[in-house]
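A short worksheet on the structure shown next.
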There are 2 protein chains.
Amino acid sequence: MLGKTTEYAIRALVYIYIQNMEGERPGFKEIAKMIDSPEQFTGKVLQNLARAELVSSMKGRGGGFFFNEPTNPITLFKVIEAIEGKEYFSKCGFGLKRCDANNPCPLHDDYAYVRDSFFKMVNEKTIQSLANKINKREATLNRL
Amino acid sequence: MLGKTTEYAIRALVYIYIQNMEGERPGFKEIAKMIDSPEQFTGKVLQNLARAELVSSMKGRGGGFFFNEPTNPITLFKVIEAIEGKEYFSKCGFGLKRCDANNPCPLHDDYAYVRDSFFKMVNEKTIQSLANKINKREATLNRL
DNA sequence: ATATAAAAAGACCTATATGTCTTTTTATAA
DNA sequence: TTATAAAAAGACATATAGGTCTTTTTATAT
Ligand code: FES
Ligand code: FES
């Protein structure tokens, strides 16, 4: 459903958050290694996330990526919106120019239910909540 | 969620089915006009659907696209599978190599629910059921 | 038989997503 | 104040999706 770029973004932010809790500020090379993503490309993705102010970065020795306000929850929606664009959760599943409940496509009722479930989910889940699951060993960040 | 190619495919098959019920065998130029899709590209997509045996075609004068067994229901899943590939509904939403409920990613429970709802939906909906909604004027095939 | 109308095929093009390599900028430590 | 370690930036490179154009094949009507 989501593009690889978005997947890298979410995994990277989760890893950064976990490391921040340990007092560390990881760099993109370390991040890429830990989340199993292409190194340079992950750097680019993190640059974009920093521009979108979803994460902060410091150049120079001792620099790396970190959250300025770790208590401010970042929903997955914010990440998806920043990378896939604002329209992601409002498009018509049948491919019409717009989704319009008052003049629906034949898929509307059922598709809108699925789409809205997804939307609700990504608004509930946050980088922090995913990181906590991993810290509690209830989930894994990567796969061998 | 779905690619444009898949959207064109579904709309094209629905239109073909509707026309078949009227005793017509539309060609790809007519189809493209009616579903508002690029003409030549729609031709290519229909070629692929014909190769996948989701629709039949006849060359030559009086030819066009049609269903050999209109009573044999075609689920949207069959169309998605033919175009997006077999893996579409089994991928991990967090981007791990595989989805594995026994060693889940932190998104697994919630993502799998959404993904499986979508899967269930596309297995229930058929080209025929969508076409019937349109014929009953309960839904629209296109948008001005 | 021949003309015609249609899909099939093949070569090509464009845009976007994904990914790599090299150079520049900047914060810190020594 | 210089060396170093880090992100930022920019120029490429590759893959895939999406799209167009031209030629070939084939079924039918005349
Ligand atoms: S009109 Fe198609 S999904 Fe709403
Ligand atoms: S393991 Fe990630 S969705 Fe199942």
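Per chain, numbering begins at 1; letters A, B, ... match sequence-line order.
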- Query: Judged by atom type as modelled, is there a donor-acceptor pair below 3.5 Å linking the side chain of B:Asn68 to the main-chain atoms of B:Ser56?
  - Reply: no
- Query: Think A:Gln47 has a side-chain N or O under 4.0 angstrom from the OP1 or OP2 of D:dA9?
  - Reply: yes
- May I ask you to evaluate whether B:Ser57 reaches the phosphate of C:dA8, defined as a side-chain N or O under 4.0 Å from OP1 or OP2? yes
- Upstream residue (5' side of DNA chain D) when A:Gly64 and B:Lys4 are each assigned their closest nucleotide: A:Gly64
- Of A:Arg61 and A:Phe41, the one whose nearest nucleotide on DNA chain C sits closer to the 5' end is A:Phe41
- Task: May I ask you to check whether A:Phe77 and A:Phe119 place their ring centres under 6.0 Å from each other?
- Result: yes
- Item | Phosphate OP1/OP2 of D:dG18 contacted by B:Tyr8 side-chain N/O (<4.0 Å) | no
- Query: When the distance from NZ of B:Lys29 to P of D:dG19 is rounded to whole Å, what number comes out?
  - Reply: 18 Å
- To the side chain of A:Met58, which of C:dT4, D:dT20, C:dT28 is closest? C:dT28
- Item | Atom-pair distance (CD1 on B:Ile31; P on C:dA8), nearest Å | 10 Å
- Check every strand shown and say whether A:Arg51 touches a base, only sugar-phosphate, or nothing at a heavy-atom separation below 4.0 Å. sugar-phosphate
- Nearest-neighbour nucleotide for the A:Lys44 side chain, C:dA9, D:dG10, D:dA8 considered: D:dG10
- Task: Map A:Gly3 and A:Gly62 onto DNA chain C by nearest heavy atom, then report which one ends up closer to the 5' terminus.
- Result: A:Gly3
- Task: Using the side-chain contact (heavy atoms from CB on, under 4.5 Å) rule, take A:Leu46 and A:Leu49 through it: C-alpha gap first, then chi angles, then the decisive distance, then the call.
- Result: CA-CA 5 Å; A:Leu46 285 166; A:Leu49 294 174; 4.1 Å; yes
- Item | Distance below 4.0 Å between A:Thr5 side-chain N/O and C:dA17 OP1 or OP2 | no
- Message: Looking only at the side chain of A:Gln40 (C-beta and beyond, no hydrogens), which of the listed nucleotides D:dA8, D:dG18, C:dT20 gets closest?
- Response: C:dT20
- Task: Among the candidates D:dA7, C:dA8, D:dT20, find the nucleotide nearest to the side-chain atoms of B:Pro38.
- Result: D:dT20
- May I ask you to check whether B:Phe89 and B:Phe118 place their ring centres under 6.0 Å from each other? yes
- So what does A:Gly43 hit on the nucleic acid, given a heavy-atom distance under 4.0 Å: a base, only sugar-phosphate, or nothing? nothing
